[in-house]
Amino acid sequence: MDPRDILSIVFLLAAAPFFLAGTIGLLRFPDVFCRLHALTKADNLGLGLIVIGLALQADTWLQSARLLLIWLLVMLSGATVAHLIARTALRAGRKPWSGRS
Amino acid sequence: MTELCAGLALFLLVTIVLGLIRIRRGPSDADRMLSAQLFGTTGVAILLLLGQATDRSFWWDVALVFALLSAVTAIAFVSRTEPAETAQEQRDEHGS
Amino acid sequence: MTPGLLLLFDLLLPAVLLWLAWRSLTSSDLFRAVILFIAFSLLLALAWVRMEAPDVALAEAAIGAGVTGALLLVALARIESAAGRRLSPSARWRSAALVLTGTALLAAAAGLLWSLRLLPTMPGGLGPLVDRHLAESGVDHPVTAVLLNFRGYDTLLEVGVLLLAAIAIWCLDEAVPFLQQPLESQLLTGFNRMMLPILLLSSGYLLWLGSHAPGGAFQAASLLAAGMLLALFSGASLPAQWSGLPLRLLLVLGFFAFLAAAIIGPLTGRALLHYPPAWEKPLILLVEWLLTLSIALILTAAVIGGRPTGSRLYPPPSSPSAEGRRQ
Amino acid sequence: MSVSLVYTAAGIILFLLGTYGLVAYAHLLRKILAANIMGSGVFMVFIAVAGRTPGAPDPVPHAMVLTGIVVTVAFTSVALALAVRIARTSNRAHLPGRDEEQR
């Protein structure tokens, strides 16, 4: 097997736990701020690893560049949205979870 | 490779199904918006993987559109709930 | 050959779609219903991709992820501020109505599912016909050729429908302040500074793509409209001197450019919407550019949801003091 | 070809779900969502049937569905503007009905 394929498979398989963690975090974490933290793992690392895994398979560097662009856009949007949602929740008077409740 | 990509896409679809529970439970609107946001990212990943699995890279253009627009709905949501003070005041007025 | 895992995917995806649609219709909280609907249209785009309909998937992704979500959320906020946040109770039926509706729906289901058997087992479709005439259409992508050349009148009327929608919305009400208070965030401003050029660029990319691959005017317009929405959300408005005649002219520009291109045919002794042979490509591209601009403005006006008023900004800012500041 | 049948059946059920929602609920926004879901069901049948042709899918239904999506957006935006206007004028966003009588 081509070493590039093996690397791809490793990256793709590594991505799966982050999406699972994002979902489980979304379900299990106690408040909206913690859940945001879980969500951004899927945005940044999960999608990032998939992009790297697929970019290794791409035929031309243009295709890899397109994949990287998609990842950058999702990260940019994810960061902005996470900030805005957290701010809204904070202004709406929700207190971040302090571990006591 | 094809099998792996298809399997991962299927796995991601299952995580979306799990994420639906959060939309159901809430408790706040922000939590529901978060799940929709996660679906957006997962959708991009599924599109990329399916594009690879079926060897159609023009599907990545659909993923690109998803990535470009993934913030719009959430920002619309934030701008809808942002005037926390004003909305609170209005509710108080109605209540009294 | 479809690998087994893809087949599983194709079984799970429709099931999830049906579940989302059902929950969106039955959940008591309307905000939850809207979020479920947004998730529904997101997964619908995946279904179009699985059915090899990339044009439709692009349109669904562009419109479902951007404009429809914003449209629904903005309208929901306005409805709730007028009528109160109220749970929509599940239906209570008179028994006769329940029996009647149930029977009708079940009969329709049985009839439609049974009619699946009537589908030809070896369908020919119109694909070969389109392929044969593709060279005459001036573009290389079958769906664009069908949209703008072979069935151009559909597209012309569709733009007409969009224009009528904008007129209807403008007739219903004057524009109200889009944001109750400006969304002041350095991060959002920075985000917009990066995203607006990218959205403009990708809109042009999709438009260019439309001539030989999935893409086209409507998808490009949705991206452009999403850019305008982002600007609106961070508090931008159209100056008063632009929101009168210039805005109206831009709104109708696409439709009338298409109409003008359509009647070139009758004027030169051809049928309606038959372009002169050497001019097909430039004409189609010019019409698409103008259509993109007009459709994007129409979509944005639809989200704003009202007509501009006389000498004020469009949409008007939340407080009178802000008006003076921004002008 | 069984996959295309799965999507066709799903489209039919979506259409019927939408019809049910349109009939059963009094709230205007819910009716708008229901009509959208009905439309999606119709589109899904179209696209699934277009995918049954051998080779590349039939482009004509694709173009028709694209037109349909645009018209759906137009109708949704007008319906929402109407619903907002009704809510503003009458302070309620649902049709009068049995729930009203019971209150």
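Naming convention: chains lettered A, B, ... in sequence-line order (proteins, then strands); numbering from 1 in each chain. Keep in mind that the numbers below use all heavy atoms, side chains included, and drop hydrogens, waters and symmetry copies. The structure displayed is predicted, hence computed values, not measured ones.
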*Could you tell me whether the side chain of A:Leu84 reaches within less than 4.5 Å of the side chain of C:Leu187, counting heavy atoms only?*
no

*chain C heavy atoms under 4.5 Å from A:Leu73: which part of the residue, side chain, backbone, both or neither?*
side chain

*Value rounded to 0.5 Å, distance of CG in A:Leu72 from CE in C:Met194*: 10.0 Å

*Atom CD1 of C:Ile198 and atom CG of A:Leu76: how far apart are they, to the nearest 0.5 Å?*
6.5 Å

